[in-house]
Amino acid sequence: MQLPIPSPERLAASDEALKSLPGYSNHAPSDKEFAVLDPSTEERIATLPSMTPQEALAEVAIADKAGRTWAKTTPRLRSDTLHNVYSVLIANQQRLAYVISREMGKPLAEAQGEVQYAADYVRWYAEELLRPAGGYRENPAGGSTILTRRAPVGLALLIAPWNFPMAMITRKIAPAIATGCASVIKPAALTPLTTLLTVELMAEAGVPRELMRVVTTADPAAFSEAVLSDPRVRKVSFTGSTSVGSTLMGLAAKNIVKSSMELGGNAPLIVFDDADLDRAVEGAMLAKLRNGGQSCVAANRFYVQDGIADAFVEAFSKRMSEVMVGNAIADGVGLGPVINRSAVNNFQDLVSDAIAHGAELRTGGQAPEGNGYFFDPTVLDNVPAEAKIANTEIFGPIAAISRFSTQAEVVSRANDTPFGLASYVFTENLDRALNVADELETGLVGINNGVPSNPAAPFGGMKHSGLGREGSHEGLEEYQEIRYYNIARRPTV
């Protein structure tokens, strides 16, 4: 089957967006550089420097100096600056979306949605920073007054993943700027271009360039070890795998660096017999195929109750089979490529293993021929617990479905994992929805909702899925220290 390809007009517009990046080049990389590829075509679209640890530490020095000045600015100035940033990002929405689609493979319409989502974090923090937390209370024993306030934590190291190259950056930079902190930013080597453009636009909107220092490198281990050993770094925020997060926490512990970690997931999606079928299928499509399933909150383990299972599997499989696969910037595409060839090979192995263990392939299950890292939307039914896919974070467009009989059974199975980031519950029974949500060991629960993330809500996980929160007022607290003053008082006559 011939996959959809972009029109010459869209291809030209996306090329123009790439070439507008500051310092853009696309020559064959030297041993001190690395290439960025378009997963839709496997072609090189940019070449960037792989900065050394020494160069990264030079950026730490620049950011630290700027941060000490920025910490003294007024909340109103920081708020107005972030509002300006929001306006500039939205004005460049199409340009940003093209860059996201070309380097990450997200369909263009979805990339436009990511730009809005990313900008919404900026707007949220522009408003939230004007409502600072603090306290004024009496010493219960008398004789003094207790005053608490929040102060900037200091220089922050921000390490972002490849799957949401803009939203994961603004979700970290915006609260840092809002609280008065500078940052050193390391984007994923697979998708650094969106970060470079986002930071450039933020600088154009009025954020001091010295306050946001981007380090591109193909050697993240050496970078992290050097930067987290620097005493000027007082905060690290990381989104990525649990294994890397554990390593970073070990490095941070040596310097007692405040840490927030948004790590891996293994999200259960539970459909009860009393669920609205259409609502459940629509929510499952969003929870599974948003970002091609390449999301830490993507629905990973589907549990469908016996009474609705056949109808759900039939309707869901039909919807999955109708999704158009193709180049991320082609018109009408609902599923672009996954991030690289190793991901495609992994999906093929998982599907083959599941079928060998007795799972039933309902749709998809293979990679289309030709260039690009594509994999068809796939549904596996009656997946046994012994299959690898039943215990693996899939991170792709494959839905692994199994059946259950009772509420107690499914809650036990859903919690039988070291991860605890997101979960999904579909039922029309309010008592059941809330009771099950209370029992699930995850940081967020989507109830009849396939996209529960929101800038106004705290995002983060339990167990091996991390610590700390992003978004909401809790996201500001991650970049602040609580300071307490005890003010002695003497009686007056």
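Computed from a predicted model, the values in this text were never measured in an experiment.
Partners of Thr73 under the side-chain hydrogen bond (donor to acceptor under 3.5 Å, both in side chains) rule, at least two apart in sequence or in another chain, are Arg78. Checked against side chain to side chain contact (heavy atoms under 4.5 Å, CB included), Glu322 has the following partners two or more places apart in sequence or in another chain: Lys318, Arg319.
In this structure, Tyr121 and Tyr117 have perpendicular ring planes: the angle between them is above 60°, well past the 30° mark. Between Phe375 and Phe347, the ring-plane angle classifies as perpendicular under the 30° and 60° cut-offs.
A salt bridge is absent between Asp416 and Arg413: the closest approach of a Lys/Arg side-chain nitrogen to an acidic carboxylate oxygen does not fall below 4.0 angstrom. A salt bridge links Glu114 with Lys106; the closest basic N to acidic carboxylate O contact falls under 4.0 Å. Of the charged side-chain nitrogens involved, none lies within less than 4.0 Å of a carboxylate oxygen, so that Arg290 and Glu110 do not count as a salt-bridged pair. Ion pair Glu16/Arg95 not flagged as a salt bridge, since none of the NZ, NE, NH1 or NH2 atoms sits closer than 4.0 Å to an Asp/Glu carboxylate oxygen.
Between the side chain of Ser259 and the backbone N or O of Val236, no donor-acceptor pair lies under 3.5 Å. For the pair Asn300 (side chain) and Thr392 (backbone), a donor-acceptor distance under 3.5 Å is present. Side chain of Asn163 to backbone of Gln294: a donor-acceptor contact under 3.5 angstrom is found. A donor-acceptor pair under 3.5 Å links the side-chain atoms of Lys288 to the main chain of Ala299, judged by distance alone. In this structure, Asn435 contributes its side chain and Asp431 its backbone to a donor-acceptor pair below 3.5 Å. Listed for the Thr442 side chain is no donor-acceptor partner under 3.5 Å among the backbone atoms of Val445. Panel note: side chain Asp64, backbone Val233; no donor-acceptor pair is recorded below 3.5 Å. A side-chain donor-acceptor contact under 3.5 Å links Asn454 to the backbone of Ala456. The main-chain N or O of Asn429 is found under 3.5 Å from a side-chain atom of Thr427 such that the two form a donor-acceptor pair. In this structure, the side chain of Ser25 engages the main chain of Thr47 through a donor-acceptor pair within 3.5 Å.
Of all the heavy atoms in Ala433 and Ile447, the pair that sits closest is CB-CG2, 3.7 Å. Closest approach of Gly67 and Ala182 over heavy atoms only: CA-CB, 3.6 Å. Taking both residues in full, the closest heavy atoms of Phe223 and Ala56 are given as CD1-CB, 3.7 Å, listed atom of the first, atom of the second, then distance. Heavy-atom minimum distance, Ile329 versus Leu11: CD1-CA, 4.0 Å. Of all heavy-atom pairs between Ala414 and Arg301, the closest is O-NH2, 2.9 Å. Considering all non-hydrogen atoms of both residues, Ala119 and Tyr86 come closest at O-CD1, 3.1 Å.
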Counting only pairs under 3.5 Å, give me each side-chain donor-acceptor contact of residues 213-221, with atom names and distances, residues two or more places apart or in other chains.
| unit_1 | atom_1 | unit_2 | atom_2 | d |
| --- | --- | --- | --- | --- |
| Arg213 | NE | Glu59 | OE1 | 2.6 |
| Arg213 | NH1 | Arg209 | O | 3.2 |
| Arg213 | NH2 | Glu59 | OE1 | 3.1 |
| Thr216 | OG1 | Pro49 | O | 2.7 |
| Thr217 | OG1 | Met51 | O | 3.3 |
| Thr217 | OG1 | Asp219 | N | 3.0 |
| Asp219 | OD1 | Ala222 | N | 3.4 |

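Counting non-hydrogen atoms of neighbouring residues, nucleotides and ligands closer than 6.0 angstrom, the CD atom of Gln112 exceeds 12 such neighbours. By the neighbour-count criterion of 12 heavy atoms within 6.0 Å, atom CE of Met249 is sparsely surrounded, having that number or fewer from other residues, nucleotides or ligands. Other residues, nucleotides and ligands contribute at most 12 non-hydrogen atoms within 6.0 Å of the CZ atom of Arg68.
In the model, Lys235 has a side-chain atom that pairs as donor or acceptor with a side-chain atom of Ser260 under 3.5 Å. Looking only at atom types and distance, the side chain of Glu103 has a donor-acceptor partner in the side chain of Thr194 under 3.5 Å away. Side-chain contact of Thr145 with Arg137: a donor-acceptor pair under 3.5 Å is absent, judged by distance alone. Side chains of Thr239 and Lys172: a donor on one and an acceptor on the other come within 3.5 Å.
The side-chain heavy atoms of Glu428 and Asn448, taken from C-beta on, include a pair separated by under 4.5 Å. Taking the side chain as every heavy atom from C-beta outward, Met166 and Leu197 never approach each other to under 4.5 Å. Looking at Trp70 and Leu77, their side chains come closer than 4.5 Å, going by heavy atoms from C-beta outward. Between Tyr424 and Leu440 the shortest side-chain heavy-atom distance does not fall below 4.5 Å. A heavy-atom distance below 4.5 Å is found between the side chains of Ile45 and Leu193. At least one side-chain heavy atom of Phe312 sits under 4.5 Å from a side-chain heavy atom of Leu277. Taking the side chain as every heavy atom from C-beta outward, Val207 and Met212 approach each other to under 4.5 Å. When side chains are defined from C-beta on, Tyr303 does not count as touching Leu269, because their heavy atoms never get closer than 4.5 Å.
Relative to the six-membered ring of Phe426, Arg279 misses at least one condition, a distance below 6.0 Å or an angle of at most 45° to the axis. Cation-pi geometry between Arg469 and Phe459 is not met: the NZ or CZ atom fails to fall both under 6.0 Å from the ring centre and inside 45° of the normal. Remark: Lys463 is not positioned above the aromatic ring of Phe419, lacking an NZ or CZ atom under 6.0 angstrom from the ring centre and at most 45 degrees off the axis.
Proximity of the aromatic rings of Phe395 and Trp162 is defined here by a centroid distance below 6.0 angstrom, and this criterion is met.
For the atom pair Ile100 CD1 and Gln93 CD, the distance stands at 9.0 Å (nearest 0.5 Å).
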Side chain to side chain contact (heavy atoms under 4.5 Å, CB included) between Val244 and Ser241, intermediate numbers included: CA-CA 5 Å; Val244 174; Ser241 70; 3.2 Å; yes
